[in-house]
Each structure stands twice: as structure tokens, then as C-alpha cells.
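On a predicted model such as this, the values are computed, not experimentally measured, just so you know.
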Amino acid sequence: MHPEQNPRTHRYSEAYTADARGLLGNQPAAGGTYKNWAGTPAPSAYAWTPDWAGA
């Protein structure tokens, strides 16, 4: 449970592997505006939940 803080504070983090562990998927919304990088090696996201509690 994360109690509400006053003033309200939002904290967010992501963590990814340093090495390629998979391939990028197809991005149909890329259209002609952006390059479709499908099949390019990509890192994987960690299943990680940080503990934001202060010591």
C-alpha cells in the first residue's frame, strides 16, 4: 500500500537489461513517418518494483 503524500509526489522507474534478450516487434503505426525497427535486437524490461520508502 502506498499512502498519499502531501504535497502529492509521483515516482516512477524502469529498468532494462544491458544486453539484447529479444527482438523488437512490428510497429504498424510507424507508417511512412518513422522507420519500422522490427527484428532489431532489443533489451528486456525487468519485473522490478522499487521501494521508495525513505530510511
Side-chain angles (χ1 to χ4, degrees):
M1 176 106 186
H2 300 284
E4 188 67 45
Q5 295 177 337
N6 189 7
R8 187 172 291 181
T9 303
H10 299 278
R11 294 184 174 115
Y12 178 77
S13 292
E14 292 182 357
Y16 293 89
T17 60
D19 59 330
R21 296 189 180 183
L23 300 175
L24 292 174
N26 187 33
Q27 180 58 272
T33 307
Y34 301 103
K35 180 174 174 53
N36 187 350
W37 292 94
T40 303
S44 295
Y46 281 112
W48 178 63
T49 304
D51 181 6
W52 292 110

Participant: Measure the shortest side-chain to side-chain distance between Asn36 and Asn26 over non-hydrogen atoms and say whether it is less than 4.5 angstrom.
Facilitator: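 Counting from C-beta outward, Asn36 and Asn26 do come under 4.5 Å.
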Participant: For residues 37-46, which residue pairs pass the salt bridge (Lys or Arg N to Asp or Glu O under 4.0 Å) check, not counting sequence neighbours?
Facilitator: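 Sorted result for residues 37-46: empty, none.
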Participant: For Thr17, enumerate each residue passing the side-chain contact (heavy atoms from CB on, under 4.5 Å) test, keeping only those at least two apart in sequence or located in another chain.
Facilitator: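 Once residues adjacent in sequence are excluded, the partners of Thr17 under the side-chain contact (heavy atoms from CB on, under 4.5 Å) criterion are Asp19, Arg21, Pro43, Ser44, Tyr46.
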